[in-house]
Amino acid sequence: MNSDSDLQIAGDILEVPHLLQAPREHPATVAEFAGLARSIAADRSEWEHLVRYDATTRWYHRLRTGPGYEVWLLSWLPGQGSGRHDHGPSSGVLTVLDGTLTERTERGTRALRPGAQRFFAPGYVHEVVNDALEPAVSLHVYYPGLTDMPMHSARCSGADAGAGAGAGAVTTA
């Protein structure tokens, strides 16, 4: 007997409500948080009119909150940067909306252009800088919401290397 034909479902599988997952109102997985960031990025009317530039410091604005997460909009003039930091207990998705940002980690440096996304786990140490000649805008989703952003020394030490090595980040473009 062929096992492929042993199982048959009678009727319409969509009529069995207990087998269907209700659509989520808010994101709960890395893929869903990345999708949220991409959908906000694609709808410039939601964020473009809010962007401000401040010559003395990076500008930021909390764009949205949901159960346990926050979405932040940041602007970066040429030369502005975050300093080396991690995000405490929060995971995150960084999406570049306009301009080019540079991310520096103990593993190297990478340019992030519009549409690029970085996903990171708690404890991931990095620095983000606008090394370009044009302003940049980025979108940041944090889960749980950002409550701590410890700063790290400019050089990797043994303690810093351990903190950054265990945390991961993935880039998409």
Side-chain angles (χ1 to χ4, degrees), residues 21-54 57-78 80-132 134-152 160 163-173:
Q21 263 193 337
R24 286 192 257 263
E25 184 179 347
H26 298 284
T29 66
V30 172
E32 290 171 348
F33 282 112
L36 171 65
R38 282 192 301 274
S39 69
I40 294 171
D43 186 3
R44 294 183 78 88
S45 68
E46 185 173 348
W47 56 267
E48 193 170 39
H49 66 283
L50 298 170
V51 175
R52 303 289 180 264
Y53 297 96
D54 185 332
T57 186
R58 284 179 303 128
W59 172 89
Y60 52 91
H61 171 76
R62 188 165 59 188
L63 189 61
R64 183 185 296 183
T65 61
Y69 72 90
E70 297 176 329
V71 180
W72 290 85
L73 185 64
L74 281 75
S75 70
W76 312 72
L77 287 172
Q80 290 181 337
S82 65
R84 275 184 97 241
H85 67 280
D86 69 59
H87 303 93
S90 300
S91 295
V93 179
L94 179 161
T95 304
V96 178
L97 304 176
D98 280 328
T100 300
L101 293 171
T102 301
E103 182 189 38
R104 297 184 182 119
T105 69
E106 66 181 17
R107 294 183 179 161
T109 300
R110 70 176 40 85
L112 304 172
R113 292 176 177 77
Q117 288 189 304
R118 293 287 290 152
F119 310 95
F120 51 87
Y124 178 71
V125 179
H126 70 156
E127 177 179 23
V128 179
V129 179
N130 182 352
D131 283 335
E134 299 294 325
V137 179
S138 58
L139 185 78
H140 304 245
V141 180
Y142 299 108
Y143 180 84
L146 193 61
T147 58
D148 193 20
M149 198 171 114
M151 300 305 291
H152 294 259
D160 286 340
V170 177
T171 303
T172 64

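- Minimum heavy-atom separation, D86 to M149: O-CG, 3.2 Å.
- Annotation: side chain of W59 is in contact with side chain of L73 (closest heavy-atom distance under 4.5 Å).
- By the salt bridge (charged side-chain N to carboxylate O under 4.0 Å, His left out) test, R64 is found to be paired with E46, residues two or more places apart in sequence or in another chain being considered.
- Using a 4.5 Å cut-off on side-chain heavy atoms (C-beta onward), L36 and V93 make no contact.
- Listed by first then second residue, pairs satisfying ring pair (Phe, Tyr, Trp, His ring centres under 6.0 Å) with a partner in residues 80-104 read H85-H87, H85-H126, H87-F120, H87-H126, H87-Y142, not counting sequence neighbours.
- Between the side chain of S90 and the backbone N or O of G145 there is at least one donor-acceptor pair closer than 3.5 Å.
- A heavy-atom distance below 4.5 Å is found between the side chains of R44 and D98.
- For the pair V125 and R84, the minimum side-chain heavy-atom distance is below 4.5 Å.
- Counting only distance, with no hydrogens or angles, the side chain of W47 and the backbone of I40 share a donor-acceptor pair below 3.5 Å.
- When all heavy atoms are compared, the tightest approach of A132 to T100 is CB-O, 4.1 Å.
- Residues R38 and Q117 meet the side-chain proximity criterion, which asks for heavy atoms closer than 4.5 Å.
- Counting all heavy atoms, side chain and backbone alike, P150 lies closest to G88 at CD-N, 3.8 Å.
- Counting heavy atoms from C-beta outward, N130 and L77 have side chains that stay 4.5 Å or more apart.
- The minimum heavy-atom distance between Y143 and G68, with the atom names listed, is CD1-O, 3.2 Å.
- Under the side-chain contact (heavy atoms from CB on, under 4.5 Å) criterion, T147 pairs with P89, sequence neighbours left out.
- Remark: side-chain polar atoms of S82 are paired, donor with acceptor, to backbone N or O of V128 under 3.5 angstrom.
- Residues passing the ring pair (Phe, Tyr, Trp, His ring centres under 6.0 Å) test with Y53: none are found, sequence neighbours excluded.
- R62 is linked by a salt bridge (charged side-chain N to carboxylate O under 4.0 Å, His left out) to E70, counting only residues two or more places apart in sequence or in another chain.
- Closest approach of V96 to L94, counting heavy atoms only: CG2-CD2, 4.0 Å.
- Shown here is E48, whose CD atom has more than 12 heavy atoms of other residues, nucleotides or ligands within 6.0 Å.
- Scanning both residues, S91 and A121, for their nearest heavy atoms gives OG-CA, 3.9 Å.
- At least one donor-acceptor pair closer than 3.5 Å links the side chain of Q80 to the backbone N or O of T57.
- Once rounded to the nearest 0.5 Å, the distance linking OG of S39 with CG of L139 reads 9.0 Å.
- The shortest side-chain heavy-atom distance between Y124 and R118 falls under the 4.5 Å cut-off.
- Partners of D131 according to the salt bridge (charged side-chain N to carboxylate O under 4.0 Å, His left out) rule, which considers only residues two or more places apart in sequence or in another chain, are R104.
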